[in-house]
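Working notes, beginning with the structure itself.
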Amino acid sequence: MSPRISQAAAGIVLLLVFYGFLVFQGIPQKWTQEANQTVQHDAVQHEQQRKSETANGSLPLWTVLPFAAILLSIAVLPLIHRTAEFWESNAHKFYIAAGLSVIILLYYGLFCNLPVDLHFPAHRVVLPEEGGFELAKTVFINAVVSEFVPFIILLFSLFTISGGIRISGNLKASPAVNSMIFAIGAVTANIIGTTGAAMLLVRLLLETNQERKYKVHTIIIFIFVVCNCGGCLTPLGDPPLFLGYLRGVEFTWTLFNLWEAWLFVNFALIAVYFLWDTLWYYRKESAEDKAEDDRNVTSVSVQGWQINVPLLLGVVAAVAFLDPGKTFPGTDWHPWFFLREAMQLLLCALSLFLTSRKIREANSFNFIAIGEVAALFFGIFITMQAPLQILNAEGKNLVAYIEKNTGVPKPYLFFWSTGTLSSVLDNAPTYVVFFETAKALSPNSEEELKVSPEWKEEYEKGNMVKVNGGFIDKFLLIAISLGAVFMGAMTYIGNGPNFMVKAIAEQSGVKMPSFFGYMVYSFLLLLPLLIIMTLIFI
C-alpha cells in the first residue's frame, strides 16, 4: 500500500472510530429520533411557518455572485497563463472556493433578514430574530452536513472501490469498440451509478485509445453517455433520481416511464459518435498509429473484481436501505444518521486494505481527481444556497409568469428550467427544487384531488404520481427527471463524475478542452438531440 493510500485508509479508520464514539454517546440515534418523530404543531411552530410563508421578497440578486465566481474560476483561470499553474493545485482551488463561501456565510450572519429552512436533523424554520449566527450556521449545516458530506462520501466510495478493479486490455481502438464501451457503461450506470460505471470503464477506454492521436471526442461522448445520460433508469443511477425515490417516487417508476427517452438519447449519441469517428477522426489517424494499435491489441482481463464487486454492491445496498428517513425493510427501525456513510467508508477501507497494491498501481490510482471534486464542490454547495433560496421563493411565480406570457407548456418549461440549472448547479438539489415546485402545483392530498374534477380525471388516467405528502403531475416529473439527468452533461460541473473523468484523462496525457471548450461539444452534439427528444417524449 502506497503512503498516500495508507494515509487515506488511516483517515477512514479514524472517522469510523469517531462515528463509533458518537454512537456510543447516542448522538446519531438522537438525531434520527428527532427527525422521524411526529411533529406537534404548537403555536410557535404555526407562527414560524406563517412568517416563513408570508415573508416579503427574497434574497438580493447579488448573493448569486460568489456562486457565479466559482463557475468563472473553473472556466477562466485554467486558460490564463499567469493563473494556470496556480489553478492546478487542489489546495488553491479549495482556498478560492472556501473564500467565496465565507462571503455568503457573512451575508447570512450580518445582513439577512429572511427565515431559512433547516434540514438537519429535522426540518425547522430558523427566523432572523434568532440571530445572524443561527442563520449562517443553518446555511452551513444545510450545505455541508446535509448535502456535501453524503454527496462526497458516496462519490469517494464509488471512486475508491472501482479504482481497485483493473479492467486491462488494449482493444482495437475502432469506432465499433469504443461504441460498445459506451453502451456497456450506459447499462452499468443504472446498477452502480454513473460514478461507479465511469470509474470502472474510463481506464479501459483510455488504454484502448492510447495509440490514437484523436481521442478527445471519445472522452467527451463517454462523459455524455456513461457519466450522465445512461443513468436514468433506476434511482441508483443518478443522485437526483435517488432523491426522488426518497420523496416517495416508486423504485420502478423511472424504468417504466423514462426508458424510451433513455434509449433514444443514448442510442443517438452512440450512433453520432460511430459515424463521426468512422467518417472523420478514424480516417485522420496515420497508418503507423493504426498499425501500432493493431500490434498492441491484447485480450481483456479483470482483476480485483472478487473483492471489489461485492463491495460496490455493498455501497449500493447501503444507499438503498440505510436511509434514516425510511424504516429498514421488514422492520420498524430507522437507520441512524450517517450510518449509511459510515458503512460506505468501511467498505472503502476494506477495499484499500484488501486490494493488491499492484492493481492500483496499474490503474495509476490516486486521489487527485476526487480531491478536485471535493475542493470545488465544497464551495459550490455553500455558495449555491443563496440562488437555491431565491429559486425556492420565486420559482412558482416564475413558472406562472412564463406560462402566461409565452404559452410554453409546463412540461417543456420544467424540462428546460431544470436542465439549464442542472448544467451549472449540482443536478441533485436542482431536481429537489423543481420537484417541490411541481408538487406545489398539484393536489397535496387525496381529499383535495377528489374535489377537483380535472385532477380526478388525470388521476384516473394514471397521470398523477403519488409521492410523500401529495401528488405530482406525471409529465412534469418526467420532464424534471430527464432535465436533471441528461443536462447534467452540458458542463463539467453538472454532475460529479464529469470532473473526475476529465481529471483522469488529463493525468493520462489527454489534453481535455476548457470549461467553455467542453460546452462547444455539448451545444453542438447534445443540445440538438435534447431538443428533438423534448418534442418526442416531453
Side-chain angles (χ1 to χ4, degrees), residues 158-227 229-231 237 266-267 269-271 273-274 277-278 281-282 285 289-313 315-316 351 354-366 369 497 500-510:
L158 294 171
F159 175 83
T160 301
I161 297 172
S162 61
I165 301 175
R166 170 70 174 167
I167 303 180
S168 60
N170 192 341
L171 304 176
K172 182 177 176 62
S174 66
V177 169
N178 288 331
S179 298
M180 178 184 66
I181 294 174
F182 301 152
I184 292 172
V187 174
T188 307
N190 295 289
I191 303 170
I192 59 173
T194 51
T195 298
M199 295 304 100
L200 198 62
L201 294 171
V202 65
R203 294 178 179 88
L204 175 64
L205 185 74
L206 290 168
E207 290 178 16
T208 293
N209 290 273
Q210 63 185 339
E211 293 86 6
R212 290 189 57 171
K213 286 187 173 65
Y214 303 99
K215 50 196 171 188
V216 169
H217 67 296
T218 301
I219 309 302
I220 297 292
I221 298 296
F222 182 86
I223 293 175
F224 288 171
V225 174
V226 183
C227 297
C229 299
N266 287 287
F267 177 81
L269 283 170
I270 294 171
Y273 170 81
F274 180 81
D277 198 43
T278 300
Y281 281 117
Y282 197 64
E285 300 288 352
D289 288 337
K290 289 180 179 178
E292 182 71 13
D293 183 39
D294 289 336
R295 285 193 297 271
N296 292 335
V297 168
T298 60
S299 59
V300 174
S301 64
V302 184
Q303 298 172 286
W305 67 269
Q306 299 93 332
I307 294 170
N308 290 288
V309 167
L311 295 179
L312 280 175
L313 295 177
V315 170
V316 172
S351 177
L354 299 178
T355 303
S356 168
R357 176 179 178 178
K358 293 181 179 179
I359 292 176
R360 293 196 184 273
E361 288 178 347
N363 276 339
S364 300
F365 178 83
N366 57 60
M500 285 192 275
V501 168
K502 172 184 179 290
I504 291 171
E506 289 175 337
Q507 290 173 36
S508 299
V510 181

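- Residues Gly163 and Phe365 approach most closely at CA-CD1, 3.9 Å, considering heavy atoms.
- Under a 3.5 Å cut-off, the side chain of Asn209 and the backbone N or O of Lys215 do not form any donor-acceptor pair.
- To the nearest 0.5 Å, atoms CD1 (Ile184) and CG (Leu204) are separated by 8.5 Å.
- The pair Glu292-Arg295 counts as a salt bridge, with a side-chain nitrogen and a carboxylate oxygen less than 4.0 angstrom apart.
- Side-chain contact annotation: Gln507 with Asn366, donor-acceptor N/O pair under 3.5 Å present.
- Counting all heavy atoms, side chain and backbone alike, Ile270 lies closest to Val225 at CG1-CG2, 4.4 Å.
- In this structure, SG in Cys229 is found 11.5 Å from CD1 in Ile223, a value given to the nearest 0.5 Å.
- Between the side chain of Ser356 and the backbone N or O of Lys358, at least one donor-acceptor pair lies under 3.5 Å.
- In summary, of the residues considered (Asn266, Leu269, Leu205), a side chain to side chain contact (heavy atoms under 4.5 Å, CB included) with Phe182 occurs for Leu205 alone.
- Counting heavy atoms from C-beta outward, Val501 and Met199 have side chains that approach closer than 4.5 Å.
- By the 30° and 60° cut-offs, the orientation of the rings of Tyr273 relative to His217 is parallel.
- In terms of heavy atoms, Ile307 sits closest to Leu311 at O-CG, 3.2 Å.
- Of the N and O atoms on the side chains of Thr218 and Asp277, not one donor lies less than 3.5 Å from an acceptor on the other residue.
- A donor-acceptor pair is defined here as one N or O able to donate and one able to accept, closer than 3.5 Å; such a pair exists between the side chain of Asn190 and the backbone of Gly230.
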Between Ile191 and Val316, is a side-chain contact (heavy atoms from CB on, under 4.5 Å) present by the stated rule, with each step listed?
-> CA-CA 8 Å; Ile191 303 170; Val316 172; 5.9 Å; no
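- For the residue pair Ala369 and Ile504, the shortest heavy atom distance occurs at CB-CG1, 4.1 Å.
- Side-chain polar atoms of Arg360 and Ser351 form a donor-acceptor pair below 3.5 angstrom.
- Remark: Leu312 CG to Thr160 OG1 distance equals 10.5 Å, nearest 0.5 Å.
- For the pair Thr298 and Leu171, the tightest heavy-atom approach, listed with the atom from each and the gap, is O-CD2, 3.9 Å.
- Rounding to the nearest 0.5 Å gives a distance of 11.0 Å between CG of Asp289 and CG of Asp294.
- Distance check, rounded to the nearest 0.5 Å: CG of Asn178 to OH of Tyr282 gives 9.5 Å.
- Side-chain atoms of Ile219 and Leu206, non-hydrogen and from C-beta on, do get closer than 4.5 Å to each other.
- Taken to the nearest 0.5 Å, the CD atom of Gln210 stands 5.0 Å off from the CG atom of Asn170.
- At least one donor-acceptor pair closer than 3.5 Å links the side chain of Arg203 to the backbone N or O of Asn363.
- In terms of heavy atoms, Gly185 sits closest to Val226 at CA-CG2, 3.9 Å.
- In this structure a side-chain-to-backbone donor-acceptor pair under 3.5 Å is missing from Glu211 to Lys290.
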